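First the structure, in the form of structure tokens, and then the observations on it.
Everything numeric in this text was worked out from a predicted model, so none of it was measured.
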Amino acid sequence: MKHTRRPVRALLAALAAGALALTAAACSVDAAGQDDSKPTIRVAYQTFPSGDLVVKNQGWLEEALPDYNVKWTKFDSGADLNTAFVAGELDFGALGSSPVARGLSAPLNIPYQVAFVLDVAGDNEALVARNGTGIESVADLRGKKVGTAFASTAHYSLLAALNQAGLSASDVQLVDLQPQASLAAWQRGDIDAVYTWLPTLDELRKDGKTLITSRELATAGKPTLDLGVVSASFAAEHPEVVDAWRTAQARALTTIADDPATAAKAVAAEIGISEQDAAGQLRQGVFLRPAALSSPEWLGAEGAPGNLANNLHSAAQFLAEQKQIASAPDLATFQRALYVKGLPGAIQ
């Protein structure tokens, strides 16, 4: 045991130190209107089209929680966000189901819980091959350079797509690239294919061929989702804040469904694209109605955690098979990681 504990502790210490530097150097920290006399809620977001961006743009958290500061910090991937959670730098975050499955597994064992389903990946994540490479199918990727953000839902989906085509990760040259970096490498001709998400995905599609989408992989039994998580200790101490956060996220889902123009305008402002492009990108995702979140298929209800736990468990098992993690925790670990307090009433 002595030989295994020390490397794990060293890894966690390194992750924590990295998170401090990462948070300080984050792409964007929105701390406007901060009042030093109020406690601060630390929220991590990513710029994929979702209701989370609508909540941020509309200031609904700030409106619902006037006794708190709300500090929004932008992250480029779920892996970076996990690192910040390890360091205790976050209370809420938006990240993909694969990073969550990894985060709930050893050695990270992050004490957070899934409190919301932001979206189900559809055509908003995909594998695209650059024109001129001669790649017409996933099977043609053998020996090619393929970029993706490691430890992301896109990485998970890429491994699933390769597996479906009879290839393994070792059959291609995998390159760890965040979305913007993958676009730059693509434009230089340094990479043959990329599995990534919007808005970068739409830029790649202008000069590439879509080989497979996350919607297709979901149909084949490898679904991915974008999830809202909350620190378990924060949720235990401030359940009323979690309720306010869930209510704001549910309001955003309703806005996407019933007032898509307002949702597109908010997302466009946050990403820095046109409202028309934002509307098109939102249409590529699958957004649940708030009432569906507490169904057995998704989060479930208090005392009856839903099938989302099975989805995360399956993702962890696949990651273990692909040697991305050492082993998958048992199903009970993922059931405990669903924050279902007050459901179904809390978000309806």
*Residues in side-chain contact (heavy atoms from CB on, under 4.5 Å) with D123, at least two apart?*
R205, T213, R215, Q284

*Kindly write out the residues that satisfy salt bridge (Lys or Arg N to Asp or Glu O under 4.0 Å) with D258, not counting sequence neighbours, or none if the list is empty.*
R289

*Non-neighbouring partners of A252 that pass side-chain contact (heavy atoms from CB on, under 4.5 Å), sequence neighbours left out*: V54, V55, W60

_Straight-line distance of I271 CD1 to N57 CG, nearest 0.5 Å_ = 11.0 Å

*V138 and L127, any side-chain heavy atoms less than 4.5 Å apart*: yes

*asked:* Could you work out, with salt bridge (Lys or Arg N to Asp or Glu O under 4.0 Å) as the rule, every residue matching K209, not counting sequence neighbours?
replied: E136

*Given side chains that start at C-beta, do those of L65 and E63 come closer than 4.5 Å, heavy atoms only?*
no

*Would you please name every residue forming a side-chain contact (heavy atoms from CB on, under 4.5 Å) with Q164, sequence neighbours left out?*
I212, L217, A220

*Any pair with a residue in residues 148-161 that passes side-chain hydrogen bond (donor to acceptor under 3.5 Å, both in side chains), sequence neighbours left out, goes on the list, sorted by first then second residue, please.*
E125-T153

*After noting the C-alpha distance and the side-chain angles of S50 and D52, does the key distance pass the side-chain hydrogen bond (donor to acceptor under 3.5 Å, both in side chains) rule?*
CA-CA 5 Å; S50 71; D52 197 44; 5.1 Å; no

*side-chain contact (heavy atoms from CB on, under 4.5 Å) involving D91 - partner list, sequence neighbours excluded*: I41, R42, F234

*Determine which pairs satisfy side-chain hydrogen bond (donor to acceptor under 3.5 Å, both in side chains) with at least one residue from residues 181-196, sequence neighbours left out, and list them in order.*
R188-D190, Y195-S214

*asked:* For residues 285-317, which residue pairs pass the ring-ring contact (aromatic ring centres under 6.0 Å, His included) check, not counting sequence neighbours?
replied: H313-F334

*Is it true that atom CD of E240 has more than 12 heavy atoms of other residues, nucleotides or ligands lying nearer than 6.0 Å?*
yes

*Would you please name every residue forming a salt bridge (Lys or Arg N to Asp or Glu O under 4.0 Å) with D171, sequence neighbours left out?*
R142

_Within residues 109-148 or reaching into it, pairs that qualify as ring-ring contact (aromatic ring centres under 6.0 Å, His included) - sequence neighbours excluded_ = F85-Y112

_Results of salt bridge (Lys or Arg N to Asp or Glu O under 4.0 Å) for E203 - residues two or more places apart only_ = K206

